[in-house]
Each structure stands twice: as structure tokens, then as C-alpha cells.
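Lettering follows sequence order; numbering is per chain, from 1.
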Amino acid sequence: MQTYRHTIAGDVITVNVPEDLDDLMQFEDWAAEASRRGPIALDTETTGLSIFSPGYRLRTVQFGDAHTAWVIHYERGGYFRTLVQNLLSVPGTRFVIHNAAFDWLVLDKHAGITLESLAPKTTDTKILAALCDPRQAKEGGTGTGLKPLSARFVDPSAPDTQGDLTSVFNSLGLTKETGWAGIRLDHPTYNLYAGLDVILTARLLPCLIAELESLGVRNVLSQYEHEIARICAVMQRRGMVLDEEYTRELDATLAAEAYEYTEKAARYGVENVNSTAQIAEALEGMGEVLRERTASGAVKVDKAVLCALADVDLQWNRLDVRKPNPLAVAVLRSKRAGKWRTTYAQRFLSMMDAGGRIHPGINTLAARTGRMSADLVQTLPSGDAMIRRAILAEEGEVFVSTDFKAVELRVLAALADVKRMKEAITAGEDLHDYTASLIYGPQFTPKHRKLSKGVGLGKVYGGGPDTLSRQTGAPIEDVRRAIAAYDRVYPEVKRASGRWQREARGSGMVYISAIGRRLPLDRDRAYAVVNYACQSTARDVLGQSMLNMEEAGLLDNCRLPIHDEMLASVPVGEAKEYAREFEKCMTFALRGVPIEAEAEIGGRSWGSLYGADF
DNA sequence: CCTCTCACG
DNA sequence: ACGTACGTGAGAGGT
């Protein structure tokens, strides 16, 4: 047995690293005893973060309580492996994990322990921490990482070992990326680090439970978040089919386009199309006047500035108000091709698993409002189907996308009890149509509706005329008229904003959402409470729908939640029936206000829902 | 590591 | 007193 001692919060703790069968039997005895006392802290060390990439390995599995950690070298196989699998399969043994979804998926994929079996036995300290304070560290919160939480609740010096391990990697000629796979399994710092993490997790649990108790956060909210985490982990494990051949062609096409326009930009003296300083200098040399500045005082050279010089709107439609500047055109095209290639095509290929699938990681509590985020696919272009075309439904299936209808506005109508909004919704009127008629009169066009949608949403979140006009492209006079009309028609919104801000000030600048979620406000932008309340409740409306989907047997079809939408893969012959089922799961009343959804049936590729013909 | 830019809801 | 859009992930440049 290798044994390490360390001090945490004044206590000497022990990290045991079993080396033979006798050591493992001691571990077994400890585990039997520890599981009777309470949940066992659990963690894994692996070769990296992309669980589904070829060659990925599970290296160690750690177990522990507040004073003792056991680092089991799973990679050695044999008894090391079977003992871990046995312990994780014992009925009734509970575990506490920090960021459980990651370890669930690692153990599911690489140790044969299904997430369906492990999730019901798990408490996730990251979820508990997010329910105490959902803010990231840079937003003024504690953050929800194990280290910052341990520093606050357990021991201020707890995070120091992290830096030690990075310097060990460096001293071995390894980096932050290669270190996890390359370091020797018996390296002392590696094992100490691995052991400390479970001890910190074990110590964090009672602190966070006490914190939640004192803040009055109900246990059902925590249980609900654990269900959502499990459901999203199932979707992440499934992943989506990548059209590899198409993606490779796309990569080549975008490379050629980027090359062509980078060359053109170079003729005007711009060596690097991503350097705003170079572009500004070259444009000014051509006689263009650049008036806009960024917050830090630099010349602003963004898409809006370049589009104006290229005589196109933000959707690249020709404006015909000036002669297009050829450098602006070249920079726009080169930057877009380059970004789309690296951020989408190449990233898809690099993240593809051995079966040709990609697995977007879902963070179920990413935003301060509780909104989820997904890596890899959250922000694929929607105006052009080229990128989404690379992602496919299952063989013999098609994509169905079911969207809520104006969910944030319906939530607002429910929360703030907005009379005319509720009447319009109940009467089956389209809220954005209604806004458009307020601004443009009954003869409004589809383009008017689109502008009105932006104005309507921006307005309720506190946007002013300038911002709303800039964001939506609607003329400023129209925006002013819309704002005046809004305040007349929906006076309850402003009143609710004031009331919610007062409530928050009375409880340490925290607004408590409809389901009891704590939403901290920034003192100097308390008006954001309207956005927080709507965004957060809309997130939980989607969360409730996801529980409904699992109940209806649709979880295996679900692929990705996207704020107000569920993307699903369904058998081509039964698409209509599935579409109705998804709509049903996303339809219910919120304080008497109907929440409704509409399914769109596409083809095999995700791009088919955005205009692609496949 | 911070800033800027750009993609989405 | 008045007015303020909100929330993400990701790549590249520059300090």
C-alpha cells in the first residue's frame, strides 16, 4: 500500500493506494463500513475530457469519506477492476460526486456501470452548489468548481495541489492536455491529487446541505435537478450521427473559400484577416472613415461595420446604397469561411467517436438563470443549412423539432399577470403578430413580424430604443412607437419589475423564481430581474417537458434540448404520430396561461429543418 | 488571461 | 428621477 498524508482544515487525512490483493481487501472492508455511515465520495481520473474519443481510457477510480481516500488503479485491470465494478453495483450504497454527469458517462462507457443504475444512487455537489448560488466566479459568485467551493466551505488552501500537478506535468515534459494520459500511474502527486478530490467532495456535501437548508431551498428542487441531469446524460451518451463524407467535403470547400478571400485581402495589405488593427489601418488607407470605437477605445471593425462598407445587410442581402469596398467583402468572406471551418467542420471531425457519432456535452445548470448550455452544437448557423446538414437522424429516421410558441412571453404573462397578453394568448392570437399590428398596423408583412418579435422580446427585458433598433434592424421611429404602445397595452410588466426588484432587495439581492430557484441580481442592473424570471421559468417549463417525455417513453428519441426546443430522431413512417406526442409533452398550463408547442418534421439531416433538401 | 468578434436562443 | 435588453460557447489576437 502506498500511503500519503495531508492536512485539510487542520485534520490529517490519509490517501491509500492499494498495490496488491491484501490492500484491496482492506479497501473492501473500509467500503462496507463507510457505506453504512453515509454516501461514499466518488471520482475518476481519465486520459482527458472527451469521453467518447477513440483511445480514451479510465485510469483510476477514487472512493473516500472526510478523512480517508482510496485511489484504485482501474487501469491495472484484474481485481482492481472487478472490485470497483462490484462496489458500484452494491444495491443501497449511495455516492456523492462533484459534476456527476461526467463520471456517470465515464463509468458507463468504460467500466460497464450504466448511468441508469448509478444516477439514482448519486448526489451531485455541483448541482447543490448551483442551487445555493448559480453565478460563475467571474460574475461575483463562488463558482461551482470543486476547488473554489472547497476554498470557501472546507479549507482556503485546498486548491493549492492543482497547481502542483500542473507543474509536475511540465517537469515531466507533459502539458495540461497530455499530462492526464502520460503521467505514470504510481506518481505520488497524481495519487495525492486524485485522493484529495474525493475527500474534498465528501466534506463539501454536509456544508452544502446545511447551506441549502439555511437558504430555504426545498429538497424537491434538488431532486428535480438530479433527474434533469440524468436525462441529459442519456442524450449525451446517445449523441448524433455525423455525415462524415459530407463533413470532409465541407471542410475542403470552406478551406478553398477561406484561401481565396485571404489572398484577396492580402492584396490590400491585410496579412491576417482576424486582426482588427490591420483591417482598420488598410480600410482607412483606402479612404474609408471608421467612426465606431469599442469599449476599450480601439477602432471597431466588426461584422456590422464591414457589412455596411460591403453594402450588404447582416444577412448578406445587397443594400445598393454605395459601392462595395472590395477589402470589406474579402475580409467578411474569409473570416466566415475560416470560422465555420475550424469551429464547426473540423471540430465535428475531431470529436467524432469510433462509430461516427458526435456527443454534445450538456451543462444542465450553465447560466445564472438555470438555463442549460451545450458545447459543440449550441450555436450552429441557422440562416444557412450548410453546417447543420452535417448532422443526421438515425438510419431510417428523420429529425423532428418541437418548439414552444413564444414561451418567454407566455411565461411573463403568467408571472406578471399581464391582462391583455393573457387575453391574446387565450384567444389563440400570435403574440408577435399582435406586436406587429401595434407597430405597423393590420397590414404588416412577414418581415414586419420578424422585426416586431425582436422589439417585443427586447422591450420586456428593458431594452431602450437605440439597442432595440440596432439589434432588430427596425427603424428607430417604429421602435419608439412600439415601446410607447407596449407600455400602454401591458402596464403590468413595469409594475412587476419594480415589485420583483423590491423583493430582491429585501432578501440580499436574490429573486426567488416560481419553483424556488435562487437568482442573484447585480445591484447596478436590477432591472434584469424581468429577464431572469422569464428565462429561468422558461427553462423549467422545458425541464418539466423533458420529464413528460421520459414518462411518455420518448427519451430514446430525444437528441438535444435547445432552450425552447427539443430536437428528436423518430422513425420515418411514424413521424406524424411522434410529432403529436412531443407536442403533447410540451403543452400544459402555467398559472392558467396555456404553454403550447409546434412540431416540425424534417428529413434525415438537421439542415433539412433549415432549408437543406436532405 | 483578457478582449474582441461571432454564432445561437 | 431616469434609463439600462438577457443568457451562453468558441476561436483568434495581443499582453
Side-chain angles (χ1 to χ4, degrees), chain A residues 134-136 138-139 271-280 292-307 314 331-332 334-336 338-344 346-347 351 360-384 386-388 401 403-404 406-408 412 453-472 479 483 486-487 493-494 497-498 501 519 521-536 538-539 542 560-567 610:
Chain A
R135 291 173 300 176
Q136 298 171 356
K138 64 181 176 206
E139 292 180 305
E271 288 302 316
N272 189 335
V273 292
N274 286 312
S275 168
T276 51
Q278 283 180 28
I279 299 164
E292 289 197 73
R293 295 292 179 269
T294 66
S296 59
V299 179
K300 191 167 190 175
V301 192
D302 65 5
K303 192 177 165 187
V305 171
L306 291 170
C307 281
L314 295 175
V331 168
L332 277 168
S334 163
K335 279 181 80 168
R336 185 170 86 160
K339 182 184 162 83
W340 287 20
R341 180 180 181 222
T342 55
T343 310
Y344 307 125
Q346 293 193 324
R347 211 169 138 74
M351 296 300 283
I362 302 168
N363 180 350
T364 57
L365 287 167
R368 187 194 298 209
T369 54
R371 239 196 193 188
M372 298 179 238
S373 70
D375 59 17
L376 211 61
V377 294
Q378 174 151 338
T379 59
L380 307 188
S382 60
D384 188 314
M386 180 196 296
I387 303 295
R388 292 181 199 247
S401 161
D403 284 48
F404 286 120
V407 65
E408 290 197 4
L412 176 69
K453 185 176 167 182
V455 171
L457 277 174
K459 166 58 193 156
V460 298
Y461 298 144
D466 288 346
T467 315
L468 297 193
S469 175
R470 192 164 10 92
Q471 293 260 335
T472 60
V479 171
I483 290 175
Y486 247 77
D487 291 337
V493 176
K494 208 171 179 178
S497 179
Q501 290 181 52
L519 306 177
L521 302 184
D522 298 331
R523 210 160 281 280
D524 55 342
R525 19 193 310 278
Y527 64 88
V529 73
V530 178
N531 179 280
Y532 289 3
C534 294
Q535 195 182 97
S536 184
R539 183 277 192 191
L542 182 64
L560 197 68
I562 318 165
H563 307 310
D564 65 345
E565 169 192 355
M566 180 60 75
L567 183 68
Y610 296 80

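- Using a cut-off of 4.0 Å between Lys/Arg side-chain N and Asp/Glu carboxylate O, A:Arg470 and A:Glu292 are scored as not salt-bridged.
- One finds no side-chain N or O of A:Tyr461 lying less than 4.0 angstrom from the OP1 or OP2 phosphate oxygen of C:dG7.
- With rounding to whole Å, A:Gln378 atom CD is found 10 Å from C:dT8 atom P.
- Nucleic acid contact class of A:Val530 (heavy atoms, under 4.0 Å, all strands): none.
- Note on A:Lys339: a base of the nucleic acid sits closer than 4.0 angstrom, heavy atoms only.
- A:Trp340 places its CH2 atom 8 Å from the P atom of B:dC8, with the value rounded to the nearest Å.
- Between A:Arg525 and C:dC6 there is a side-chain polar atom (N or O) within less than 4.0 angstrom of OP1 or OP2.
- Using a 4.0 Å cut-off, some side-chain N or O of A:Arg347 falls inside it from OP1 or OP2 of C:dA10.
- We find that CZ of A:Arg368 is positioned 10 Å from P of C:dC6, with the value rounded to whole Å.
- When both pairing distances are held under 3.5 Å, C:dG14 makes a Watson-Crick or G-U pair with B:dC1.
- For the pair A:Tyr532 and C:dG7, the criterion of a side-chain N or O lying under 4.0 Å from OP1 or OP2 is met.
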Practice item. Would you check, one step at a time, whether the test side chain to side chain contact (heavy atoms under 4.5 Å, CB included) holds for A:Asp522 with A:Arg368? Key: CA-CA 11 Å; A:Asp522 298 331; A:Arg368 187 194 298 209; 3.2 Å; yes
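- Contacts of A:Lys459 with the nucleic acid, taken as non-hydrogen atoms under 4.0 Å apart, are absent.
- As judged by a 4.0 angstrom heavy-atom cut-off over every strand, A:Leu457 is placed among residues making no nucleic acid contact.
- In this structure, A:Pro465 reaches the sugar-phosphate backbone alone: every heavy-atom distance under 4.0 Å involves primed, P, OP1 or OP2 atoms, never a base.
- OP1 and OP2 of C:dT8 both lie 4.0 Å or more from every side-chain N or O belonging to A:Ser373.
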Check your understanding: Where do A:Met372 and A:Leu560 land on the side chain to side chain contact (heavy atoms under 4.5 Å, CB included) test, with the steps shown first?
Key -> CA-CA 11 Å; A:Met372 298 179 238; A:Leu560 197 68; over 6 Å; no
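- For A:Arg336, taking side-chain heavy atoms from C-beta onward, the closest of the listed nucleotides C:dA5, B:dT5, B:dA7 is B:dA7.
- Using a 4.0 Å heavy-atom cutoff across all strands shown, A:Glu139 reaches sugar-phosphate atoms only and no base atom.
- Within the 4.5 Å cutoff, no side-chain heavy atoms of A:Val493 are placed close to those of A:Tyr461.
- Looking at heavy-atom distances under 4.0 Å, A:Leu468 makes no contact with the nucleic acid at all.
- Regarding A:Arg388, its CZ atom lies at a distance of 7 Å from the P atom of B:dC8, rounded to whole Å.
- Counting non-hydrogen atoms under 4.0 angstrom, A:Gly383 reaches the backbone sugars and phosphates but no base.
- Side chain of A:Lys300, nearest nucleotide from B:dG9, B:dT5, C:dC6: B:dT5.
- For A:Ser382 and B:dC8, the shortest distance from a side-chain N or O to OP1 or OP2 is below 4.0 Å.
- Within 4.0 Å of A:Gln471, counting heavy atoms only, lies at least one base atom of the nucleic acid.
- Backbone-only contact: A:Thr343 has heavy atoms under 4.0 Å from sugar-phosphate atoms and none from a base.
- Between A:Ile362 atom CD1 and C:dG9 atom P there is a gap of 13 Å when expressed in whole angstrom units.
- Look at CG on A:Asp487: it is 14 Å from C1' on C:dC2, rounded to the nearest Å.
- Following rounding to the nearest Å, A:Met372 (CE) and C:dC6 (P) show an atom-to-atom distance of 22 Å.
- In this structure, A:Ala367 and A:Asp375 both approach DNA chain C, and ranking their closest nucleotides by distance from the 5' end singles out A:Ala367.
- Listed nucleotides C:dA5, C:dG14, B:dG9 differ in distance to A:Ser275; the shortest reach to its side chain belongs to C:dG14.
- Comparing C:dT8, C:dA12, C:dC6 against the side chain of A:Asn274 picks out C:dA12 as the nearest.
- Residue A:Lys335 places no side-chain N or O under 4.0 Å from the OP1 or OP2 atom of C:dA12.
- The side chain of A:Thr342 approaches C:dA12 more closely than any other nucleotide in the set C:dT8, C:dT4, C:dA12.
- Of the candidates C:dT4, B:dC6, C:dT8, B:dC6 carries the atom nearest the A:Lys303 side chain, counting heavy atoms from C-beta on.
- With a 4.5 Å cut-off on side-chain heavy atoms, A:Ser382 and A:Arg388 count as touching.
- Between A:Lys335 and A:Val273, the shortest heavy-atom distance links the atoms CD-O, 3.4 Å.
- Atom CD of A:Gln378 sits about 4.0 Å away from atom NE2 of A:His563, to the nearest 0.5 Å.
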